[in-house]
Structure formats: structure tokens, C-alpha cells
Asker: 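Below you will find the structure I want to go over with you.
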Amino acid sequence: MSPLEILPAEILPTIEIETERLILRSPRFADVPGMAALANDPAVALMTGRLPFPYAESDALDFVHFQAEARQAGKELAFAIECKESGNFLGCVGLRFPKRDSAEIGYWLGQRHWGQGLATEAARALIDHGFSTLGIATVTGECRVINEASRRVMEKCGLRYVNSGLRHAPARGGALPIDRFSLTRADWASFKAWRPAIVRGTTPSNELMA
Ligand SMILES: CC(C)(COP(=O)(O)OP(=O)(O)OC[C@H]1O[C@@H](n2cnc3c(N)ncnc32)[C@H](O)[C@@H]1OP(=O)(O)O)[C@@H](O)C(=O)NCCC(=O)NCCS
């Protein structure tokens, strides 16, 4: 059984998640040109285990088809990341369900959109959705050992380093050395419940709070 079976099948294509700056929604055919333009970049594709490189519009079209089927089959829940203000396609974030109670997160953004906290914003929203709506027990993530930005995104989402290993990545032509990360429901619930205390006799330093 997939975690997606908890939701009525008819709402699966329509799930949208709104954050401060982003809309996460089903990938559409209208995303194909933008998706291909942003993913056809070695700095993006070669850091992932799945994106082909070079990345053509036909790859984006296959992705949109595949994701619609995978979502309905309960295997994956991928979202296009859309800028709320401009409506532009920025990248993708998604969950895969290797086991009933576990989800693996993945994400990429076009290079021009890096460094603004957008991947963290999207990943946090999807992790919240996974724990709060889909009832999963663990969110896991993996990145190439050289991928400091992705490692940092996972850390900022509360995932902790678990171990290292090799991942079969046909799109990269073989096995990739990767680091694995994980966040349990209990730890996530603890972060979400964490509220600031009232501290008297001192004022918080903005530098320390950053
Ligand atoms: C990974 C990726 C999604 C991050 O997107 P992003 O929107 O720039 O991420 P955020 O801004 O939310 O956070 C990035 C963090 O990594 C840090 N970072 C970026 N490059 C870094 C580097 N070379 N070394 C160390 N830290 C780095 C940033 O400083 C930031 O951390 P901070 O907030 O503590 O300063 C983006 O770089 C990307 O699409 N890369 C290619 C595809 C990819 O790697 N996907 C993940 C596959 S596992």
C-alpha cells in the first residue's frame, strides 16, 4: 500500500501546496519548455541521479507523462515549483515512496534561482505535507557526496546524516557515491512544536538568531 492511498484518487492530480513565495503543483505540459531550458545545465542535471544530460524537451515531456502516472499509481508525488509572484516555472520537488511508511525527497532548481532559500522553502512544505497528510514515519534524502548545497538544504529541513554508500544512477552512467539523510516523524513533530521562550534581562542578538 502506498501512502498516497490515504487520499481519494480523484484529488491526487489537484494537490497544491502554497508557501510564502511558491506554489507547488502538478507538472504540466506548459512547463515543458521552461523545464528543459533549466534542466539542460550540467550544474543542475549532473548533481542529480535521475535527470538525463543533455536534457531535451522530449525528456521534460516524458517526465510530465511519467509523473502523472506515478502519482495515480501511488509511487511518486512530484511537484513543479512555481514562483507565486511571476507564475514562472523554477524547478521540481517530489517524494518517492520506497516503503509504505517512508518517503524519499528530491529537488532541483534552475541555476538562476539558487541561493534564495527557495529549495529549502519547497522541501520544508513538502516534508510537512508528507508527515501531516500522508502519515509517513520517515523522510529520507540522498545527495552526491560533493553536493554541499543539497546537503545543506536537507540539514535546514531537519534531516540528519545517516551513512554513505553507492547509488545506482543509470542517468549518470553508473554508481554514484552518496550521503544518506533521514528525519523521523517524532523529530519533525518536535521541531514544529518548538516555540520561543520569553527571556528576561537580555535582548536577543540578531546575529546569533540568524
Ligand atoms: C541543491 C539546490 C536545489 C539548492 O537550491 P537553493 O534554492 O539554492 O537552496 P537554498 O538556498 O534553500 O539553500 C542552499 C544552502 O546551501 C548552501 N550552499 C550552496 N552552495 C554551497 C557550497 N558550494 N558549499 C557549501 N554550502 C553551499 C547555501 O549557502 C545555503 O545554505 P545557507 O542558507 O545556510 O546559507 C540547487 O543547488 C540545485 O538545484 N542543484 C542542482 C540539483 C541538485 O543538486 N539537486 C539535489 C540532488 S540530491
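All of these numbers come straight from a predicted model, not from anything done at the bench. Counting starts at 1 for both ligands and their atoms, following the listed order.
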Asker: For a 4.5 angstrom cut-off between non-hydrogen side-chain atoms, does I17 reach L126?
Answerer: yes
Asker: Going by side chain to side chain contact (heavy atoms under 4.5 Å, CB included), name the residues that satisfy it together with N40, two or more places apart in sequence or in a different chain.
Answerer: F53, P54, Y55
Asker: With salt bridge (Lys or Arg N to Asp or Glu O under 4.0 Å) as the rule and sequence neighbours excluded, what pairs involving residues 119-147 come up?
Answerer: R21-E121, D128-K192, E142-R167, E142-R180
Asker: Do NZ/NE/NH1/NH2 and the carboxylate oxygens of R71 and E76 come within less than 4.0 Å?
Answerer: no
Asker: Which parts of the protein, at residue level, reach under 4.0 Å of ligand 1 through a heavy atom?
Answerer: A43, V44, M47, T48, Y107, W108, L109, W114, G115, Q116, G117, L118, A119, T120, E142, C143, N147, E148, A149, S150, R152, V153, K156
Asker: Salt-bridge test for R96 and E104: reply yes if a basic N is under 4.0 Å from a carboxylate O, no otherwise.
Answerer: yes
Asker: For D62, enumerate each residue passing the salt bridge (Lys or Arg N to Asp or Glu O under 4.0 Å) test, keeping only those at least two apart in sequence or located in another chain.
Answerer: none
